[in-house]
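Notes to accompany the following structure.
Just so it is clear, the model here is predicted, and its values are computed rather than measured. Note that these values count all heavy atoms, side chains included, but never hydrogens, waters or copies made by symmetry. Below, chain A is the first sequence line, B the second, and so on; all start at residue 1.
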Protein chains: 2
Amino acid sequence: MQDTNPLPPVRTAVVLFTIQQTLKLLLVRGDLWHLPTAALGENEGLESCAKRALAEATGVEGVFLEQLYTFNDPDGAPRVIVSYYALVPYDRVNVRPGSGEWIDSAALPLVAHGQRPIVACACERLAAKLEYAPIAYQFLADQFTLGELQSVYEIIGRQPLDKRNFRRRVRASQCLLETRDTRRGGSHRPAKLYRLRDARPSI
Amino acid sequence: MQDTNPLPPVRTAVVLFTIQQTLKLLLVRGDLWHLPTAALGENEGLESCAKRALAEATGVEGVFLEQLYTFNDPDGAPRVIVSYYALVPYDRVNVRPGSGEWIDSAALPLVAHGQRPIVACACERLAAKLEYAPIAYQFLADQFTLGELQSVYEIIGRQPLDKRNFRRRVRASQCLLETRDTRRGGSHRPAKLYRLRDARPSI
DNA sequence: ACAAAAGTGTTCCTGTTACACCCATGT
DNA sequence: ACATGGGTGTAACAGGAACACTTTTGT
């Protein structure tokens, strides 16, 4: 019975970003590639719905989601897609091979009808927000080096940054706590590890 | 027949701002005060729906709307309210006495269930966006004086600004064209009138 | 010894702030 | 004549950009 179970009028879609050499986002393979989505259920808020979409597609939980924009569903029906985006460290997600894959944001495949603008909107917002909000940390593990942090900015901003100016700026922001630990990662001096001062916005 | 016409799952709400001594927004008197809303119809985009909400409540047309945020409907049902905001010059709107009224944003009455956060969100966004986007002009007529423009900033930012610095900043932004006209408005020197360089974003 | 990333200060320049007086008009 | 808002420049300051070398490790 199509009539009693029509396409649901409100769905959420999630653009999940990570950084692994480059900025990547998670797409699910179907007829075409598409974003994880879910239909808004009874007694469910939009944000939980988006979290569910993400969990069902990837198993990722405890991520900080931010609402992006609400789009018309591409056909004329009175339906909408409420989009969210989220940032995760690469190694925090176990992508189940059948379900989702990390795709380089600079080389996107053909994506389901109407979802291209969602992805574009998410990329723009991410780059814009990085400039004024401390969100880069969400790409990193609990402890991280300043070099790692700097590459996040360089990858998303698509330009190299001056190391000394970058470090000064970060120090001035007072977001970071220096830990006692260091990380040795190759044939060079070990790097101090830092963590975010106030508990991370994730979870 | 309630069942064939249940509460629609997607509605839009519009927060219409103006400036008249203070920052005001348009509310409609019902059981409680509420924002203009409309249900998303067949073959109708979200933005047209919001424009319709506004037109039905106030007769205002040709306004530039920007999407704000999408809220859960306050009961548990899978419905959402997609909110928009817009800015208009005070004298451009003829509020029909029965339908809507301009309410000082600093002294809001009790507002319909679930709409308080929408209004709060709109006020925040307006103040934030004023800092980095040329939207103050939307409160003003086609031609305006620098004094008028400055009061818009002062009213929304809630602090007085230095006249010379303000004018320098505006000049540097190159958004304005000086006209030949002046406006004489009281017992003082007449003010030069300016207009926005590129056609205003409204309409 | 060498390669590779970590770490560290100073100078210059640009943009922002603070500030006081004359001008044109209406009453 | 006086009250009112319109109009103008300069000096101090702060924040951002450019820039090179030493340190510690692995091989």
Side-chain angles (χ1 to χ4, degrees), chain A residues 19-22 127-128 130-134 136-137 139-141 143-195, chain B residues 19-22 90 127-128 130-134 136-137 139-195:
Chain A
I19 285 191
Q20 163 68 324
Q21 321 303 343
T22 80
L130 195 71
E131 299 294 316
Y132 66 90
Y137 309 97
F139 283 118
L140 300 173
Q143 300 199 129
F144 50 86
T145 70
L146 294 185
E148 290 167 341
L149 185 60
Q150 184 172 343
S151 5
V152 170
Y153 280 86
E154 290 177 328
I155 288 170
I156 299 177
R158 289 205 199 92
Q159 54 182 334
L161 299 174
D162 179 85
K163 208 201 305 191
R164 282 169 293 187
N165 292 338
F166 179 79
R167 289 161 115 90
R168 184 186 9 262
R169 204 148 34 92
V170 166
R171 241 177 278 132
S173 80
Q174 304 206 318
C175 287
L176 295 197
L177 282 178
E178 192 173 330
T179 69
R180 292 231 175 134
D181 304 334
T182 58
R183 171 179 303 162
R184 48 189 57 212
S187 43
H188 53 79
R189 179 171 171 175
K192 283 188 199 139
L193 287 171
Y194 293 78
R195 57 185 344 135
Chain B
I19 286 192
Q20 163 67 322
Q21 320 304 341
T22 80
Y90 179 70
L130 195 71
E131 300 293 316
Y132 66 90
Y137 309 97
F139 284 118
L140 300 173
D142 206 51
Q143 299 199 130
F144 49 87
T145 71
L146 293 184
E148 290 168 340
L149 185 60
Q150 183 172 344
S151 2
V152 171
Y153 279 87
E154 289 177 330
I155 288 170
I156 299 177
R158 287 205 199 93
Q159 53 181 333
L161 299 175
D162 179 84
K163 208 200 307 190
R164 284 170 292 187
N165 292 338
F166 179 79
R167 289 161 114 90
R168 185 185 8 261
R169 204 148 35 92
V170 167
R171 242 177 277 131
S173 80
Q174 305 207 316
C175 288
L176 296 197
L177 282 177
E178 193 174 328
T179 69
R180 292 234 173 129
D181 304 336
T182 60
R183 170 179 304 163
R184 47 190 55 210
S187 43
H188 52 79
R189 177 171 172 174
K192 282 188 200 141
L193 287 171
Y194 293 78
R195 58 187 341 139

What's the [atom1]-[atom2] distance between [X] and [N], to the nearest Å?
X      : N      : atom1 : atom2 : value
A:R184 : D:dT23 : CZ    : C1'   : 14 Å
A:R167 : C:dA5  : CZ    : P     : 13 Å
A:Q150 : C:dG7  : CD    : C1'   : 12 Å
A:R183 : C:dG7  : CZ    : P     : 11 Å
A:Y132 : D:dG15 : OH    : C1'   : 21 Å
B:E148 : D:dT4  : CD    : P     : 19 Å
B:L149 : D:dG6  : CG    : P     : 12 Å
B:H188 : D:dA1  : NE2   : P     : 22 Å

Check whether any side-chain heavy atom of [X] lies under 4.5 Å from a side-chain heavy atom of [Y], and answer yes or no.
X      : Y      : result
B:Y90  : B:F139 : no
B:Q143 : B:D181 : yes
A:L161 : A:Q150 : yes
A:E154 : A:Q159 : no
A:I19  : A:I156 : yes
A:L176 : A:V170 : yes

* Checking B:E148 side chain against B:T145 main chain: does a donor-acceptor pair fall under 3.5 Å? -> yes
* Residue met sooner reading DNA chain C from 5', once A:K192 and B:P190 are mapped to nucleotides -> A:K192
* **Nucleotide-resolved protein contact map, nucleotides 13-22 of chain C, B/S/- at heavy-atom distance under 4.0 Å** => ----BBBB--
* To do: Kindly state whether the ring of A:Y153 and the ring of A:F166 have centres lying under 6.0 angstrom apart.
  => yes
* Asked: Take atom CZ in B:R183; do more than 12 heavy atoms of anything else shown fall under 6.0 Å from it?
  -> yes
* Structure fact -> Taking five pairs at each terminus, the helix from C:dA1-D:dT27 to C:dT27-D:dA1 shows an axis bend, to 10°, of 0°
* Given that B:S187 and B:Y194 both sit by DNA chain D, which one's nearest nucleotide is further toward the 5' end? -> B:S187
